[in-house]
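Have a look at the structure below, then the notes.
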Protein chains: 2
Amino acid sequence: MKIGELAKRSGCSIQTIRYYEKEGLISAPARTDGNFRVYDTPALEKLAFIKNCRALDLTLDEIKQLMALQHLPGTPCEKVNDMIDAHLKIVESRITDLQKLHADLKVLRQKCGHARPIEQCGILDELSPKSHSRN
Amino acid sequence: MKIGELAKRSGCSIQTIRYYEKEGLISAPARTDGNFRVYDTPALEKLAFIKNCRALDLTLDEIKQLMALQHLPGTPCEKVNDMIDAHLKIVESRITDLQKLHADLKVLRQKCGHARPIEQCGILDELSPKSHSRN
DNA sequence: TTACACTCTATAGTTACTATAGAGTCAAGT
DNA sequence: ACTTGACTCTATAGTAACTATAGAGTGTAA
Ligand SMILES: [Zn+2]
Ligand SMILES: [Zn+2]
Ligand SMILES: [Zn+2]
Ligand SMILES: [Zn+2]
């Protein structure tokens with residue numbers, strides 16, 4: 001199949017597929033006489049693997065590492081488990097950060113009801129260090 | 001004061017300050033004969049305002065809009081409130097997404113105990129559409 | 001043959017910075 | 001007067017993972 005069909009079937013855009021090739025996540029496919037890329041089913045499967053990983057927010061580098069490990073049979077899979085564990089921690093700390101941010105924004109939002117003239121906006125006042133220290 | 005002192009006092013890096021100037025968030029300051037930037041206290045206050053906003057993850061564009069509104073006295077401050085409300089929604093949906101991601105990662109992690117040979121790694125198996133559909 | 005859909009490469013843009021390189025400024029010490 | 005050192009200047013490239021475009025070529029059907 002050509003790149004357009006692969007894009008439709010995989011759910012990746014054409015540019016993304018070419019980008020993955022350039023970054024070494026998928027291997028360069030065969031070409032037609034007219035220099036068009038031609039893909040086989042394994043290529044589609046690789047893209048599906050990448051998509052699954054990206055859905056979990058693994059970086060392209062991490063995905064590359066996973067694919068490299070797959071081609072070293074016999075290796076213990078500790079590295080895979082460690083990667084997922086590390087990832088879990090990052091996600092957890094991002095959630096914590098965002099929850100703090102959310103609380104801060106809620107507090108800020110309550111500084112202003114609505115439709116005051118801008119000079120008296122409680123939000124802007126809260127954000128300004130100058131008028132703030134004066135109160 | 002020169003840029004180094006402003007950087008220390010504001011907690012922004014020198015490059016960040018120059019970047020903010022280039023992006024129009026702060027106005028270009030006076031220069032010495034030797035072409036060094038010279039700042040006054042209001043400049044420090046503007047940086048503090050920007051820092052407060054960035055801590056809430058407002059984009060530079062949004063911050064620019066807020067600053068523009070500050071210089072239009074008499075305007076009702078609805079736009080400020082709307083911006084914060086919109087921001088709250090984005091943060092909320094990011095949290096939801098991350099929580100889903102976290103749950104997915106947890107499930108994935110449990111597919112593998114530890115230290116199996118890589119061919120039998122439950123995580124890699126789960127990520128691979130091919131071997132997956134075979135089972 | 002000409003219209004059309006498709007593909008090719010190369011390049012720039014996105015966000016908010018960070019990190020150089022290479023040159024100039026300025027005050028203090030010798 | 002000279003040198004050292006700390007500071008500053010501009011311009012440019014890099015970050016992550018794409019997305020979007022320009023301009024050219026390919027392939028097929030009417
Ligand atoms: Zn990770
Ligand atoms: Zn308000
Ligand atoms: Zn926003
Ligand atoms: Zn495993």
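We name chains A, B, ... by the order of the sequence lines, and we start the count at 1 in each one.
Residue-environment remark: NZ (B/K79) stays at or below the threshold of 12 foreign heavy atoms within 6.0 Å.
Whole-Å rounding puts the B/Y19 OH to D/dC9 P distance at 18 Å. Distance A/D61 CG to D/dT15 C1': 12 Å, rounded to the nearest Å. Regarding B/Q15, its CD atom lies at a distance of 12 Å from the C1' atom of D/dT8, rounded to whole Å. Straight-line distance from the CZ atom of A/F36 to the P atom of C/dA5: 15 Å, rounded to whole Å. Separating the CD1 atom of B/I3 from the C1' atom of D/dC7 is a distance of 11 Å, rounded to the nearest angstrom. The distance between atom CG of B/N35 and atom P of D/dC9, rounded to the nearest whole Å, is 7 Å. Protein atom NZ of B/K51 is 16 Å distant from nucleotide atom P of C/dA16, rounded to whole Å. B/K2 places its NZ atom 8 Å from the C1' atom of C/dT25, with the value rounded to the nearest Å.
Minimum heavy-atom separation, A/C121 to A/R116: C-NH1, 4.5 Å.
Between B/L58 and A/I14, the one whose closest nucleotide on DNA chain C sits nearer the 5' end is A/I14. Mapped onto DNA chain D by nearest heavy atom, A/R54 and B/V38 fall at different nucleotides, with B/V38 at the one closer to the 5' end. Each of B/D33 and B/L60 was matched to the nucleotide of DNA chain C holding its nearest heavy atom; the match closer to the 5' end belongs to B/L60.
B/Y20 has a side-chain polar atom (N or O) that falls below the 4.0 Å cut-off from OP1 or OP2 of C/dC17. For A/T16, a side-chain nitrogen or oxygen approaches OP1 or OP2 of D/dT19 to under 4.0 Å. Phosphate proximity of D/dC9 to B/R37: present, with a side-chain N or O under 4.0 Å from OP1 or OP2. Residue B/T59 places none of its side-chain N or O atoms closer than 4.0 Å to OP1 or OP2 of C/dT15. Taking 4.0 angstrom as the limit, A/R31 places none of its side-chain polar atoms (N or O) nearer than this to OP1 or OP2 of D/dT26.
Using a 4.0 Å heavy-atom criterion, one finds that A/R18 contacts the bases of the nucleic acid, with or without backbone contacts as well.
Using a 4.0 Å cut-off between charged nitrogen and carboxylate oxygen, A/K89 and A/D85 do not count as a salt-bridge pair. Contact check on B/R37 versus B/E21 returns a salt bridge, with a Lys/Arg side-chain nitrogen under 4.0 Å from an Asp/Glu carboxylate oxygen.
For the atom pair NZ (B/K2) and OG1 (B/T32), the distance works out to 7.5 Å, reported to the nearest 0.5 Å.
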